[in-house]
Amino acid sequence: LPLAQLLEQICGIFLPIVAGAKTVFRFEATKALFGAPIAPLVTAFETLRPTTSLLAPAVLGRWVSALAGRAAPDSLRFVAVGGASSSPSLIQAAQDVGIPVHEGYGLSECCAVVAMNRPGDNHPGTVGPVLDGLNVSLDNGEIVVSGPTVMTGYLNGDGAPDVWHTGDLGHFDGDQLVVDGRKDALLVTSAGRNISPEWVEQRVNSDPRVVSSALGLRESDGALILLLVVAAAVPAADILGYLSDLPSYARPSAFITTDPSEQGLLFAAGTPNRAVAASLINTRAAQHLDPAPESIAS
């Protein structure tokens, strides 16, 4: 992850210092985190043979694709993925090429990690059980965290409450936490349907050509439009295939493509700035998905 991320600082610098381990930084490989070619990152993994790494889903997808059926280094013991939702199919594809990937969930305000899948207890489609010592509850579907890792406050700001409302929606599947999406990103269609955009986006984000995506509503007609940030062209037929298992009310009727250099669109972790995405959705021409979503069998 970019060094601006607290989790990368903890796992990439502080914990290795405590453990007497080695951290390697490769500038050319780092560029891949921001949409540059993935080859230098793949080469770094193969030549340096690390034991662990942290990745965003988009980078994981590109790495899996670049391996093209070859196995990842057998030195890897644990690879964490987070920062955005990962599709179970991406987790499975990574495991198939020898990447021991485990999805987790957290936020900097709670010292980075709240829940995590573990070796021998990995449940794709969830972010795993809550860490020992933390308490996670749901308040009208919002994930609420309490415990010793909740921050004391922002720098030069007011103190933080003891119970942290994350702004993320979720539910439990047994003792496994499932993150449904951001509360403030929830879309409400003209038919009154509530749609977490991450539910749709994770399907196309598993394509290594897709750096990121954002689902939004077009103001002029209320249509669902999918904005794709791509490193290479993605045919409409492929997009339709990724969305085919969605109910008709959640399928976008058109899509817009742009590239990672779009000003202000992507945050450092590769997630979309939804305000910028909404502006693009409402000002740029979209390409219709044909056949129309209603004609695709559920």
#### Entry: Sub-4.5 Å side-chain heavy-atom contact between Asn117 and His123
yes
### Side-chain touch Ile91/Val81, heavy atoms, less than 4.5 angstrom
yes
### Query
How long is the span from the CG atom in Leu217 to the CG atom in Leu187, to the nearest 0.5 Å?
5.0 Å
### Task
Might you confirm whether atom CG of Asn140 has over 12 heavy atoms from other residues, nucleotides or ligands at distances under 6.0 Å?
no
### Query
Applying the 4.5 Å side-chain criterion to the ILVMFWY set and letting contacts propagate, would Ile17 and Leu3 be lumped into a single cluster?
yes
### Query
Would you find a donor on one side and an acceptor on the other, under 3.5 Å apart, between the side chain of Thr47 and the backbone of Thr43?
yes
### Query
Parallel under 30°, tilted from 30 to 60°, perpendicular over 60°: which one fits the rings of Tyr154 and Trp164?
perpendicular
### Task
Flag the pair Val150 / Asp162 as yes when at least one side-chain heavy-atom distance between them is below 4.5 Å, and no otherwise.
no
### Query
Roughly how far, to the nearest 0.5 Å, is the OG atom of Ser206 from the CG atom of Leu60?
10.5 Å
### Query
Can you list the steps and then say if Ser87 with Tyr242 is a side-chain contact (heavy atoms from CB on, under 4.5 Å)?
CA-CA 11 Å; Ser87 66; Tyr242 297 137; over 6 Å; no
### Query
Under 4.5 Å between any side-chain heavy atoms of Val204 and Leu228, yes or no?
yes
### Query
With distance as the sole test, does Asn282 use its side chain to make a donor-acceptor pair with the main-chain N or O of Glu219 at under 3.5 Å?
yes
### Task
Might you point out which heavy atoms bring Tyr249 and Ile195 nearest each other, and give the distance in Å?
O-CD1, 3.4 Å
### Task
Please examine the side chains of Leu246 and Trp199, heavy atoms only from C-beta on, and report whether any two atoms are closer than 4.5 Å.
yes
### Task
Flag the pair Ile10 / Leu15 as yes when at least one side-chain heavy-atom distance between them is below 4.5 Å, and no otherwise.
yes
### Message
Can you confirm whether Arg118 is buried at CZ, in the sense that more than 12 heavy atoms of other residues, nucleotides or ligands lie under 6.0 Å from that atom?
### Response
yes
## Note on the structure
Between Val114 and Leu107 the two heavy atoms that sit nearest each other are CG2-CD2, 4.0 Å
### Task
State yes or no: do Ile38 and Leu33 share one hydrophobic cluster built from I, L, V, M, F, W and Y residues joined by side-chain heavy-atom distances below 4.5 Å, directly or via other members?
yes
#### Entry: Presence of salt bridge, Asp238 and Arg209, under 4.0 angstrom
yes
### Message
I'd like to know if the side chain of Glu201 and the backbone of Leu215 have a donor-acceptor N/O pair within less than 3.5 Å.
### Response
yes
#### Entry: From Thr257 atom OG1 to Glu262 atom CD, the distance as rounded to the nearest 0.5 Å
10.5 Å
### Query
Out of curiosity, does Val130 fall in the hydrophobic cluster containing Val144 (side-chain heavy atoms, cut-off under 4.5 Å, transitive links)?
no
#### Entry: Donor-acceptor under 3.5 Å (Glu109 side chain, Thr166 main chain)
no
### Task
Identify whether the distance between the nearest side-chain nitrogen and carboxylate oxygen of Lys183 and Asp168 falls below 4.0 Å.
no
### Message
I'd like to know if the side chain of Thr258 reaches the main chain of Val229, judged simply by a donor and an acceptor atom lying under 3.5 Å from each other, with no hydrogens or angles considered.
### Response
no
### Message
Atom CZ of residue position Phe25 - does it have more than 12 heavy atoms of other residues, nucleotides or ligands inside 6.0 Å?
### Response
yes
### Message
Please give me the minimum heavy-atom distance between Glu142 and Gly167, naming the atom from each residue.
### Response
OE2-N, 2.8 Å
### Summary
Taking every heavy atom of Gly128 against every heavy atom of Ala115, the minimum-distance pair comes out as O-CB, 3.7 Å
### Message
Treating Arg70 as the side-chain partner and Leu67 as the backbone partner, does any N or O pair qualify as donor plus acceptor under 3.5 Å?
### Response
yes
### Task
Evaluate the side-chain proximity of Arg203 to Asp245: yes if any heavy-atom separation is below 4.5 Å, no if none is.
yes
### Query
Crowded around Asp158 CG? As in, over 12 foreign heavy atoms under 6.0 Å?
no
### Query
With a cut-off of 6.0 Å (strictly less than), are more than 12 heavy atoms of other residues, nucleotides or ligands near NE2 of His171?
yes
### Task
Treat each ILVMFWY residue as a node, draw an edge where side-chain heavy atoms are under 4.5 Å apart, and state whether Tyr105 and Leu138 are in one component.
yes
### Query
When hydrophobic residues are tied together by side-chain contacts of less than 4.5 Å, even through go-betweens, does Phe172 share a cluster with Leu131?
yes
## Note on the structure
For Leu76 and Ala72, the nearest pair of non-hydrogen atoms, with its separation, is CD1-CB, 4.2 Å
### Donor-acceptor under 3.5 Å (Ser213 side chain, Asn205 main chain)
no
### Task
Kindly give the heavy-atom pair with the smallest separation between Leu134 and Gly147, and that separation in Å.
CD2-CA, 4.1 Å
### Query
With a 4.5 Å limit on heavy-atom distance, are the side chains of Gln95 and Val101 in contact?
yes
